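Heads up: the structure comes next, in structure tokens.
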Amino acid sequence: MSNTNFGKLDQIRKFVKESKIFIDDDLLTFKNVDDAGVGIFAKKDISEDTIIVKIPKTAIFTAKNCTISNLLDDKDIDGIMGIHLAVLYELFVFKGEKSHWFDYLSFIFEDVLKHNFETKDLYLPPGYWSQQEKDYLKGTLMDVQYQGLKTHDDILSVYIEFVRFAYEWKKDCDLDIPEILQNEYIANLPEADDVDLKEIEKHLLTVNNSFLRFIEIGYVISSRVFEIDSYHQFGLVCIVDLFNHNSNEDIHFESEYEVCEICGKTHCAHLYMSESDNEDGEGAEEESTHEESGEDDDENIEEIEENGADSDDECEIRAIHDIEEGKEIFNTYGQFPNAALLLKYGFVIPNNPHDKVALWNEFDQVVKEIDHLNESDIEERFSWWKDEGISLLEEELDVMEELEDMEEEEDMEEQDDMEEQEDVEEQESEDENNEDSEDEEYEEDGLEEEEIDKETYWKDQIFLDASGEASPYLERLCVILSMNKDQFYTEKLQFNPEKLEDVKAADIKPVLSSALKLLKKIVSKKKLFRIPEETENLPNFSEMNKILLIENDIILRAKENFGLD
């Protein structure tokens, strides 16, 4: 994430006051934080469930709230794409004189506004770093799992589309064109599907840095955007984006997502009329009944409209546990390894428990060297693994996690006083209900899992975790690959090696021993990454160096864990 300037905090306070954003000044204070800029701290103890910030949805920068919202609607542009195009107009066309949003946007895009057509060291995602920098990162998690060292045609297509819109709006509305979108070459390109995007990209990168500055702005937006609701979709949320990231979060950003997609309210005439329209289509008899009750419908619509402000027209920040005085208050952007944090949010954090090292390339090399299985045998096992094996393993892992949670609950119950027995029994009853709801959630998750690309997903699970241990997916694959043809019966195959129905007790140890040798061979092939010298003057040296050192530390831990030199 691009850092915010603590020295310009008064600029944000002005916008907060004008936009009627509520900040509990008795509980919160702003401080300067190294490598982050602004951070938010607890001025005094904060109790769980306390609402510390309220933001009207009208104060959130979205495609629906921006100055060019009508033009975006005409082009059916919304969500993050709408925000991207709108930011260009607010910053470079309307500016402080005509834009209500300028104080806020110029605060979070301060570094971007300092750049011009000659600036070289831009704030860019790794796919647009120099080739020398990307060469250092080859083989890292960012490269193998996230494909983060590639440029993407989709962002180029969006840029071309935005340039065309800008020139069209200049012609039709006499609206100035943002400097980043001023490109006659792009504007005059034929609107054909067979345009050579690679040639266009090559041209853009040699003329000036406008296209890269466009990407830079998109990178900042990506690092700060929040999901709002089904009407606004996404938005930039003042104050909320000042809470820095930590895996151990203190707060939740809360917003009612299910709202009317026409006006953004949870209770409105549009929703009522939509329900009535559905009823009308059910038959002539119902239509007649509806007409007879028309006066009642009008009264209901008037009542909805007279109610005025909707309680869900604002978002909130709520404390999810007690927060001690003096502590920095953290949000979380997700349980991601540093490679993903850098790709999406632009920063790297120390001691990230979600870090890992990709081992797919090394795994693939070792599998090709297996001599007791032919190519069709290996393909059969991989096919079973992708179709059934992963699901079986994940069921087992879920059971193990539930058992650990139960053990933790039992330990907590043992510490309770006997006088609280009644409360304990009530809690156990609630836990049983929660288990039922968790089963329902699991079924819903299963529907989503069908959409996952199996071919990509199973390869992504071949990794070393932050402690240098092999992932359970890799461990089980090594067991499967260590079985001979007689031992591999998919009809009865279990996952826990101690419960393999098709492997007799006497044969278990050799299989597990072979699996361990296979695992060691895979880990031994993972080489340490070369660390660049500061004297190379690479623009993204700091972030790149952190990523490489993190992965090297994991590799060294793994080699120690497996007794490798």
Side-chain angles (χ1 to χ4, degrees), residues 2 68 71-72 75 77 80-95 105-106 108-135 137 147-223 343 346 536-541 543-544:
S2 58
I68 61 168
L71 296 175
L72 296 177
K75 294 296 184 182
I77 304 173
I80 296 178
M81 280 183 62
I83 294 171
H84 198 162
L85 185 50
V87 164
L88 298 178
Y89 277 90
E90 304 289 351
L91 291 180
F92 298 105
V93 176
F94 305 125
K95 303 181 182 179
L105 295 179
S106 61
I108 61 176
F109 289 95
E110 181 185 10
D111 291 339
V112 173
L113 289 172
K114 293 176 182 177
H115 298 159
N116 56 41
F117 292 117
E118 304 300 324
T119 305
K120 293 183 179 180
D121 296 340
L122 301 176
Y123 175 72
L124 297 169
Y128 293 89
W129 290 2
S130 70
Q131 188 58 51
Q132 183 182 3
E133 291 172 311
K134 290 196 283 188
D135 286 343
L137 293 168
Q147 305 294 304
L149 304 183
K150 296 180 179 179
T151 60
H152 298 283
D153 289 344
D154 54 351
I155 189 67
L156 177 57
S157 298
V158 169
Y159 181 74
I160 292 170
E161 188 176 30
F162 283 5
V163 169
R164 288 170 172 162
F165 290 156
Y167 277 81
E168 179 183 330
W169 293 339
K170 173 62 178 176
K171 179 182 177 182
D172 296 344
C173 311
D174 195 27
L175 185 62
D176 289 344
I177 301 173
E179 61 182 58
I180 289 176
L181 298 180
Q182 293 174 10
N183 192 304
E184 294 283 351
Y185 169 78
I186 295 295
N188 294 322
L189 281 173
E191 294 192 24
D193 295 332
D194 59 348
V195 294
D196 190 337
L197 292 178
K198 291 299 180 185
E199 281 299 314
I200 294 173
E201 183 178 56
K202 183 179 178 181
H203 167 81
L204 291 174
L205 294 177
T206 54
V207 173
N208 57 43
N209 67 359
S210 289
F211 178 53
L212 291 179
R213 290 172 70 197
F214 176 78
I215 294 171
E216 178 181 44
I217 288 174
Y219 195 29
V220 176
I221 292 170
S222 171
S223 73
L343 281 169
E536 295 182 57
N537 295 320
L538 300 172
N540 300 286
F541 171 82
E543 291 78 7
M544 181 177 58

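Computed from a predicted structure; not experimentally measured.
Ring geometry for Y128 against F211 counts as perpendicular: the plane angle is over 60°, on a 0 to 90° scale with 30° as the lower cut. Between F94 and Y89, the ring planes are tilted. Angles from 30° to 60° get that label.
Separating the CD atom in E90 from the CG atom in L105 is a distance of 6.0 Å, to the nearest 0.5 Å. With values rounded to the nearest 0.5 angstrom, E161 atom CD is found 9.0 Å from L85 atom CG. One distance of note links CD1 of I217 with CD1 of I83; it measures 13.5 Å at 0.5 Å rounding. Here the CG atom belonging to N208 is positioned 10.0 Å from the CD1 atom belonging to I180, to the nearest 0.5 angstrom. A distance of 5.5 Å separates NE2 of H115 from CG of L122, quoted to the nearest 0.5 Å. Rounded to the nearest 0.5 angstrom, I155 CD1 and F162 CZ are separated by 8.0 Å.
The heavy-atom pair separating Q182 from I177 by the smallest distance is NE2-O, 2.9 Å. The minimum heavy-atom distance linking I77 with F165 is given by the pair CD1-CE1, 3.2 Å. In terms of heavy atoms, G346 sits closest to Y219 at CA-OH, 3.2 Å. Scanning all heavy atoms of the two residues, the minimum distance from M544 to L538 falls at CE-CD1, 3.3 Å. Between S157 and L197, the closest heavy-atom pair is OG-CD1, 3.8 Å. Among all heavy-atom pairs drawn from L72 and G82, the shortest one is CD1-O, 3.7 Å.
Checked options V93, V163, V87, L91; the residue passing with P178 is V93 (criterion: side-chain contact (heavy atoms from CB on, under 4.5 Å)).
Listed by first then second residue, pairs satisfying salt bridge (charged side-chain N to carboxylate O under 4.0 Å, His left out) with a partner in residues 207-217 read E179-R213, not counting sequence neighbours.
Residue-environment remark: CD (E536) exceeds the threshold of 12 foreign heavy atoms within 6.0 Å.
By the 4.5 Å heavy-atom criterion applied to side chains, V158 and D154 are not counted as neighbours. At least one side-chain heavy atom of N183 sits under 4.5 Å from a side-chain heavy atom of L204. The side-chain heavy atoms of F92 and D176, taken from C-beta on, include no pair separated by under 4.5 Å. The shortest side-chain heavy-atom distance between I221 and F109 falls under the 4.5 Å cut-off. Using a 4.5 Å heavy-atom threshold, the side chains of E133 and P539 count as touching.
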| query | When you look at Y167 and L181, which way does the side chain to side chain contact (heavy atoms under 4.5 Å, CB included) test go after all the steps? | reply | CA-CA 9 Å; Y167 277 81; L181 298 180; 5.9 Å; no

| task | Please test W169 against K75 for side chain to side chain contact (heavy atoms under 4.5 Å, CB included), starting from the C-alpha separation and ending with a verdict. | result | CA-CA 11 Å; W169 293 339; K75 294 296 184 182; 3.8 Å; yes

| request: Please step through side chain to side chain contact (heavy atoms under 4.5 Å, CB included) for the pair L71 and L175, ending with a clear verdict. | output: CA-CA 11 Å; L71 296 175; L175 185 62; 3.7 Å; yes

| message | Determine whether T151 and K198 satisfy the following criterion, side chain to side chain contact (heavy atoms under 4.5 Å, CB included), listing intermediate values before the conclusion. | response | CA-CA 10 Å; T151 60; K198 291 299 180 185; 4.0 Å; yes

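Checking side-chain atoms of K134 against main-chain N and O of L149 turns up a donor-acceptor pair under 3.5 Å. Formation of a donor-acceptor pair under 3.5 Å by the N209 side chain with backbone atoms of T119 is found in this model.
Scanning for salt bridge (Lys or Arg N to Asp or Glu O under 4.0 Å) contacts around E201 gives an empty result, with sequence neighbours left out.
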